[in-house]
Structure formats: structure tokens, C-alpha cells
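Here's the structure, in C-alpha cells; my notes come after.
Naming convention: chains lettered A, B, ... in sequence-line order (proteins, then strands); numbering from 1 in each chain.
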Amino acid sequence: MLSIRVFFKKLGPLAYISHLDLNRAVLRAFQRAKLPVVYTEGFNPHPKLVFTQPLSLFQESETEIFEFKVEPDMPYDEIEKRLRGALPVALEITKVGAPVKKLSEIAFAEYVINIKSDGISADEVERLLSQKIIVIKKTKKGEEEVDISPQIKVFSVEETEEGISISATLSNSSDSYLNPQYIVDYLNRFIKIESSGITRYKLFDRDMSLFE
Amino acid sequence: MIDNALLKKMLREVDKPGRYIGGEYSEIVKKKKEGELSVAFCFPDSYEIGMSNLGIKILYGVINENEFIRCERCFAPWVDMEKQLRENNVPLFTLESKTPLAEFDVIAFSLQYELCYTNMLNMLSLAGIPFYTSERDETHPLVIAGGPSTYNPEPIADFFDIISIGEGEYSLPALFELYRKCRNNSVSKKEFLKKAYLVEGMYVPSFYKTEYNPDGTISSVIASEGAPERVTKAIVKDLDRSFYPEKPIVPYISTVHDRIMLEVFRGCIRGCRFCQAGIVYRPYREKTAEKLNCQAKECVKNTGYNEISLLSLSISDYNELPELTDKLLEWTEDEKVSLSLPSMRVDSFYKELMDKVMSVRQSGITFAPEAGSQRLRDVINKNISEEEILNACDVAFEGGKDSIKLYFMNGLPTETNEDIIAIPTLAKKIVDRYFASPHHKKGRSISITVSVSCFVPKPDTPFQWFGQHSLEELVRKQKLLSTSIESKRISHKWHEAKVSKLEAVFSRGDRRLSPAIVEAHKRGMRFDSWDEFFDFDKWKDVFSFCGIDPLFYSDRDIPFDEVLPWDHIDCGVSKEFLVREAKSALTGVTTPDCRTQCSGCGANSFGGERSCCP
């Protein structure tokens with residue numbers, strides 16, 4: 001049995017399809033690629049397919065991962081060739097290979113949040129993000145006020161032609177995950193945001209080394 | 001092309017933005033080229049419904065086969081997207097190249113049901129294209145339509161330059177190539193239309209004039225400009241050789257029928273007297289099992305779907321069904337592909353078939369007795385007996401099924417209270433049969449769902465002359481049925497009678513209804529087939545505002561000798577046959593299926609390979 005890790009980009013039109021849709025698109029590509037994908041056992045077997053922390057609708061990413069297994073083994077370049085031929089054009093593969101670290105070791109993700117807004121200074125945003133950041137999170141028990149600042153590892157803000165651009169490294173593990181949309185929603189309470197765009201760029205482990 | 005930044009902004013504001021992005025696997029994107037003809041193929045309902053339609057897949061594929069024709073898709077935007085389009089002054093655009101509809105040479109609508117007519121106008125309105133043919137000139141696209149509801153094209157005739165009657169995969173490529181040549185040679189629209197009706201199945205409504213009697217009935221329909229007095233539908237002669245979409249688009253978002261649809265045959269040998277599809281798709285034409293098996297393999301390879309649905313009106317009538325299922329099962333199990341059937345006749349449902357096509361996980365099965373009493377089943381020519389229904393249920397029990405759904409109709413011609421009460425009586429017999437069955441497991445129970453729709457008289461059926469019950473009577477019978485159910489194991493679902501009433505108005509309507517559709521559109525009505533938007537009271541206001549009595553169309557029994565609005569459209573089945581069938585219905589005499597004995601409906605004149613016509 002061979003484990004395969006695929007790095008891909010979720011850009012452009014793919015930002016408008018949900019994680020569930022993406023999952024289904026990959027499963028169908030497996031079938032088209034005629035890969036001997038390993039299935040789960042049980043009453044209703046389905047291919048073993050694992051993704052990194054799903055993106056919300058409208059968010060894009062330069063670094064996404066899915067993993068699966070094949071049986072019998074096949075060369076990685078053959079798997080890559082077949083997958084490239086079977087995936088939708090918009091879903092661009094950047095790397096296919098053996099998993100190095102476990103997916104569960106991913107701890108942080110770097111995002112760029114572009115905000116279109118008139119007359120907003122980087123300093124102002126910097127100040128807003130350097131204090132307690134109280135947002136309302138929906139939980140199973142109802143709505144809850146949470147300070148998300150501990151989940152922001154580092155950030156920087158710069159001014160752009162259209163507004164500002166925030167580069168932020170956020171918690172991105174199954175125990176602690178911060179959806180960057182919370183930062184946009186928080187800022188929207190203080191400044192008028194015309195539009196925003198969120199892109200995930202890199203994934204890191206606990207020691208902040210690049211996850212590959 | 002639509003501004004990308006603006007599109008992004010709009011998509012943020014809508015539910016299911018995946019409906020509007022295109023870019024799905026196997027989408028056909030062509031570069032614009034010199035001398036091409038561009039066609040915007042429009043489906044006046046949501047993306048999820050439209051992308052589930054086999055006809056759309058066939059036509060999209062076959063039209064794009066011509067390298068000089070660029071065919072793109074457009075679906076009715078949901079109300080939230082419509083709001084965005086209107087607020088941002090963005091015209092309706094196609095999915096492939098995001099081009100506004102008005103920039104296309106042809107706008108082609110697929111009209112599947114009458115209740116999409118307001119959506120159709122709404123799409124034209126969002127595209128900035130005038131509704132009436134008479135309001136459009138050489139600068140506007142050619143606006144055409146086709147699809148099952150155009151067998152009575154009259155309520156919408158004034159909106160279309162051409163209406164394609166019959167099977168478009170045969171006739172539309174020829175029409176488009178003709179238009180492309182005419183346009184490239186600067187032939188005027190009017191001159192082109194005079195050539196267009198020479199293509200099989202093409203109806204040019206502006207060349208026909210309807211005249212009325214003082215009592216509102218039609219006195220005559222007169223053809224001009226050399227157009228034929230009757231337009232005969234176009235059909236595919238040999239389905240094995242006809243285009244089939246072996247590489248259909250695979251949507252990202254889930255659609256209603258998200259699977260491979262393998263059309264096994266076209267037409268139906270049965271002749272149920274209420275059923276329009278059973279008449280207008282005649283003659284019955286089959287594909288060979290070998291061809292179907294190849295098509296299924298190609299589809300699985302090209303789509304990655306893991307379910308194949310065998311599609312046809314009455315699948316168990318297929319001559320080669322055992323061969324087909326055997327061939328399919330040789331490879332589908334290994335590829336983890338499952339088979340499914342949409343519905344089955346009770347008189348040809350057997351254990352082996354069930355084992356082949358239904359997974360053990362599927363706990364339910366659907367049958368369509370249509371009427372509760374034998375008398376009424378004979379009236380509608382269903383040709384099944386109660387014993388056959390009960391036997392089919394036995395087979396289902398043996399296969400471990402413990403939920404059965406039964407389709408019925410309410411308001412059928414000659415129907416009495418006894419016929420209605422016979423529905424729960426039949427359901428109760430099935431419950432009793434379950435508990436008496438050797439396959440009944442201790443501690444398990446059965447659930448029967450009785451799903452009842454309202455009869456709508458449809459053009460080209462033996463029941464086209466019979467008026468629909470009044471709204472009050474339909475509702476009374478629904479209640480009577482509900483209160484007659486005595487078992488907790490039987491549940492009752494019904495269709496909104498008001499929806500069926502509106503459907504009946506347009507089904508048997510004429511050209512005088514088009515102002516009502518325009519008025520309804522003006523009042524913001526759309527998505528009439530969706531419960532959350534359908535507003536019968538508003539429709540009543542529209543009809544009264546337009547001076548139209550809707551019951552003249554829906555409720556009236558029409559004499560056999562009256563001119564029908566669709567008499568000049570020839571669906572291939574003769575009026576004499578329909579009259580004979582209507583009279584047999586009234587006396588409760590059944591007609592055998594086409595294979596047992598030809599009843600001379602007239603469809604044999606079309607020929608057709610692997611047909612059952614003599």
C-alpha cells in the first residue's frame with residue numbers, strides 16, 4: 001500500500017465551491033484516473049481521502065493538500081500524470097509525493113488578507129490587531145465572545161493602492177483553528193470595508209518550519 | 001465579457017455561487033472565430049435542475065460538434081443573483097465565456113414545463129431583449145425554443161421566432177447551420193424564417209394567424225408565407241447512431257440527478273391515456289444493449305460517476321433488458337459503479353431484476369398504480385391488475401424492502417369518491433400482505449407512502465378533451481383521501497392543487513395567454529414551480545387584469561370537433577386515434593400495448609430503427 005500526498009492550489013473559480021464539492025470533485029477524478037485507490041472497510045465503503053483544514057467559501061489557497069492510498073503500489077510520477085489528466089483544469093497540482101510529516105503536525109497557516117477600504121492607514125489596523133480581539137463565535141452551545149488574539153502568531157500590515165494588505169500566521173490545527181474571516185469581521189466593526197479577499201499561502205508545523 | 005471584479009463582488013452576496021462560475025469538468029469552451037454562429041442555450045430554471053436534464057446534455061454536445069457553432073449555457077439566476085444583476089446593471093451572461101446573452105446570435109430556450117414561462121421572460125428581461133417577436137429587429141438575437149411543453153406552443157408562440165417541435169438533436173444542428181450561412185450572406189431574418197420552416201419540425205409562429213369564434217373558441221389557424229398548414233415533429237430514426245453525450249459536464253455543486261443517465265429507449269409502448277410523454281415520443285425506438293454498454297463504459301471513464309441510471313419511460317419494456325444488465329454487471333461491480341432504475345411497472349418487476357439493479361442499502365421502492373380501483377385503472381389504460389401490484393410488493397418484501405412509495409392521481413376523468421377511497425384500501429392491502437409475507441421479519445414494520453398528484457389534461461393525449469376538476473373538487477378529494485387512511489403505516493403526500501390548476505391553464509392555452517405571462521413577469525412572478533414563490537392569488541389577479549378566464553382553458557370539457565390551439569402541430573399520433581382512445585376510456589375498455597397489438601396510432605409513418613411498429 002502506498003501513501004500519496006498531493007499539494008494543489010484552490011484559486012479563482014474554485015473559491016466558490018464548498019469543501020464538500022471539492023471532495024467530490026477529487027473522488028470523481030480518482031475514478032477517471034483509474035487509480036487503485038484504497039477504500040474504507042465496512043457497510044458503505046468509500047475511498048480514504050483526507051484534506052487539510054477546509055477553507056471557507058470565497059477563500060483561496062496556494063497550498064492545499066489531500067492524501068490517499070493506492071494498492072498495489074505505483075510510481076509517483078505515474079500517479080501524478082494520471083491525476084493531472086483527470087482533475088478539472090482549475091485544480092492545479094503543484095507536487096505529488098510521499099508524505100513526510102503527518103498532517104496532524106500542521107500547526108499554523110500563513111494568510112494574506114487584502115482589504116479594500118478608503119482612507120485607512122496601516123498603523124490604525126496594526127493598532128486594532130495589537131489588542132484583545134473579541135469576536136462572537138458560534139458554538140454548539142450558542143454564541144460566545146472569544147478573544148482570538150492568542151491564535152494570531154504573527155502579523156504585519158502594509159498599505160496598498162486599494163487599501164491594506166495583512167499578512168498573518170494563524171493557528172491551523174484541529175485543536176486550534178482560526179478562520180481568517182473573523183479578522184475581517186472584527187475590523188469591519190471599526191473601519192468600512194468595501195471588499196476583502198483571503199488567500200492561504202503556506203502551512204507550518206509547531207516549530208514554524210514549512211510543512212512539506 | 002462581464003467585469004471580473006464586479007462578478008466576484010456579486011458572487012459574495014449569493015447563495016450557492018458555484019451555480020454561476022462554469023469551469024466544470026468537460027465544459028466546452030470555444031474561442032470566438034470568424035464566420036461562427038454563437039448560441040446561448042438557456043434553461044429557465046435553476047442550475048441544479050437544468051444540469052440534471054438529459055436533453056440539455058445531448059443538445060449542448062451535439063450543437064458544439066459543429067466547429068463553427070459556439071454553444072454556451074445559461075440558467076435562470078436564483079432570486080438573490082437576480083437582485084445582484086439588477087442592482088449592478090449587469091446583463092445576464094453565459095457560464096462559459098461570461099458573455100451577455102444579447103451578444104449571441106441565437107438564444108435557445110429549453111421549455112420543460114409550463115410553469116417556467118415567467119422565468120423564461122425574466123431571463124430575456126435580464127438580458128435586455130424584448131419579449132415579443134414583433135418588438136425585435138435585425139439587431140436582436142434570433143430567439144427560439146423547444147422542449148416537451150412546446151407540443152402546445154401557442155401560449156408562448158408570440159415570443160419566439162422559431163419553435164422546434166420534436167427531437168432537437170436531429171433538427172437543431174441543421175437549423176443553426178442554415179442560419180449561420182444565411183447570416184453570413186446577409187440574408188434578412190424574415191427571408192431566413194421562410195427557409196427555416198423547411199427544416200423538419202420548425203414552426204415559425206409569426207406565419208400563423210389564429211381566428212376566434214364569438215364564444216372564444218378557435219375557428220381556424222391560417223398559415224401564410226408558404227408555411228405548411230401543419231408542422232410535423234422531427235425525430236431521431238436510429239438512436240444507436242444518434243449523438244449521445246459520452247463526455248457530459250460534471251458539475252462541481254451537487255445537482256438533482258448527479259449521475260450518468262443512460263437513455264435506453266425513446267417512446268413507450270403502453271399508452272396510458274393521461275400521459276403526454278407516452279404519446280409525443282412515439283414511435284417506440286430502442287438502442288441495442290451492445291451500444292448502451294459501450295456508452296455506459298465511456299460515460300464512467302469520462303465522468304467518474306459511480307452511478308448509472310437506466311432512463312426511459314417504462315424500463316422493463318426494454319427487449320434486451322436481461323442482456324443489458326448482464327453486460328453492465330460484468331464490469332460495474334469491479335469499478336464500484338451501481339445501477340439504478342427510476343421507476344418500474346408492477347407487471348414486469350421480478351426478483352432477479354431487483355437483485356441486479358438495486359443495492360441492499362436502498363430500503364425503498366416506487367411503483368405507480370396511478371389509480372386505486374381497477375375500474376379507474378382501466379379507464380386510464382394502465383393495464384395492471386391489483387394482483388400484479390400485490391405480487392410486485394411481495395417481490396419487494398422478499399428483497400428486504402420495507403418502504404414502498406405509490407404514485408396516484410386525483411381528479412382523473414370519471415373518478416368517483418369510491419375510486420379515491422380505493423387508494424387507501426389498496427395501500428392497506430399491501431400492509432396486510434407485508435405482515436402475511438414469509439419474508440416479514442419479526443419486529444420490523446412497513447411504511448407505505450401514497451403520493452398523489454392532480455390530473456392535468458395534456459395536449460396530444462386521449463384525455464386532452466377532459467376538463468380538470470375544479471379547485472374545490474380537487475381539494476375535497478385530497479381531504480377525502482386523507483381521512484380515509486386508517487393505518488399509521490400509510491402516509492399521504494399530495495401536490496398543491498393550485499399549481500396543477502395553473503399548469504392546466506397553460507397546457508391547453510392559446511395565444512391569448514401571452515399577455516398574462518408578460519403581466520405576471522411585470523408583477524415579479526417567477527420560479528412558479530417552486531412552492532416558496534408560487535402565488536396563486538397573484539395569478540388570479542393577473543388573469544382578471546388581462547380579461548382572461550383561466551377556467552375556460554383548464555376546467556372546460558372540450559367537444560371532439562372543436563379546433564384545438566395545437567391542432568396545427570403534428571406530434572405524429574393521429575387525432576382519430578386519440579378520439580378512439582378517449583371514447584374507450586369512457587366505456588372502461590382497455591387498449592393493449594403496442595407490442596401485443598398495434599392500435600394504429602399513426603406514429604409508424606415515421607419509421608425508426610428497432611421500433612415496435614408494424
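When all heavy atoms of Phe58(A) and Leu11(B) are compared, the closest pair comes out as CE2-O, 3.4 Å. The two residues Thr303(B) and Arg32(A) make their nearest non-hydrogen contact at O-NH1, 2.7 Å.
For a residue to count as touching a neighbouring chain, one of its non-hydrogen atoms must lie under 4.5 Å from one of that chain's; by this rule Phe30(A) does not touch chain B. Heavy atoms of Glu24(B) lying under 4.5 Å from chain A are absent altogether. Of the atoms belonging to Asn4(B), not a single heavy atom falls under 4.5 Å from chain A. Looking at Leu87(A), the atoms closer than 4.5 Å to chain B (heavy atoms on both sides) all sit in the backbone: N, CA, C or O.
Around atom NZ of Lys8(B), no more than 12 heavy atoms belonging to other residues, nucleotides or ligands sit under 6.0 Å away. Within a 6.0 Å sphere centred on NZ of Lys137(A), other residues, nucleotides and ligands contribute more than 12 heavy atoms. Residue-environment remark: CD (Gln131(A)) exceeds the threshold of 12 foreign heavy atoms within 6.0 Å. Counting heavy-atom neighbours within 6.0 Å of Glu532(B) CD, excluding the residue itself, gives a total above 12. For Lys83(B), the NZ atom sits in a loose shell: 12 or fewer heavy atoms of surrounding residues, nucleotides or ligands are nearer than 6.0 Å. In this structure, Lys33(B) places its NZ atom where more than 12 heavy-atom neighbours from other residues, nucleotides or ligands lie under 6.0 Å away. The environment of CZ in Arg444(B) is sparse: at most 12 heavy-atom neighbours from other residues, nucleotides or ligands sit within 6.0 Å.
Taking Gly18(B), Ser254(B), Ser26(B), Gly23(B) one by one and counting their heavy-atom pairs under 4.5 Å with chain A, the maximum is reached by Ser254(B).
Residue Tyr25(B) holds its OH atom at 12.0 Å from CG of Leu91(A), rounded to the nearest 0.5 Å. The CZ atom of Arg28(A) lies 4.5 Å from the OH atom of Tyr305(B); values are rounded to the nearest 0.5 Å. Here CD1 of Ile253(B) is found 11.5 Å from CG of Leu20(A). Values are rounded to the nearest 0.5 Å. Taken to the nearest 0.5 Å, the CD1 atom of Ile17(A) stands 6.5 Å off from the CD1 atom of Ile21(B). To the nearest 0.5 angstrom, Tyr16(A) atom OH is 16.0 Å from Arg19(B) atom CZ.
Between Lys16(B) and Asp21(A) no salt bridge is recorded (no basic side-chain N to carboxylate O distance below 4.0 Å). For Lys9(B) and Glu194(A), the salt-bridge test fails: no basic side-chain N is under 4.0 Å from an acidic carboxylate O.
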Exercise for the section: Start with the C-alpha distance between Val89(A) and Glu27(B), add both sets of side-chain angles, then the distance that settles side chain to side chain contact (heavy atoms under 4.5 Å, CB included), and finish with yes or no. Expected result: CA-CA 10 Å; Val89(A) 186; Glu27(B) 177 194 46; over 6 Å; no
Practice task
Starting from the C-alpha separation in whole Å, work towards a yes-or-no answer on side chain to side chain contact (heavy atoms under 4.5 Å, CB included) for Arg12(B) and Ser195(A).
Solution key: CA-CA 9 Å; Arg12(B) 284 255 172 179; Ser195(A) 65; over 6 Å; no
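No donor-acceptor pair under 3.5 Å is formed between the side chain of Gln31(A) and the backbone N or O of Val337(B).
Tyr252(B) has its side chain out of reach of Ser18(A): every pair of non-hydrogen atoms, C-beta onward, lies at least 4.5 Å apart.
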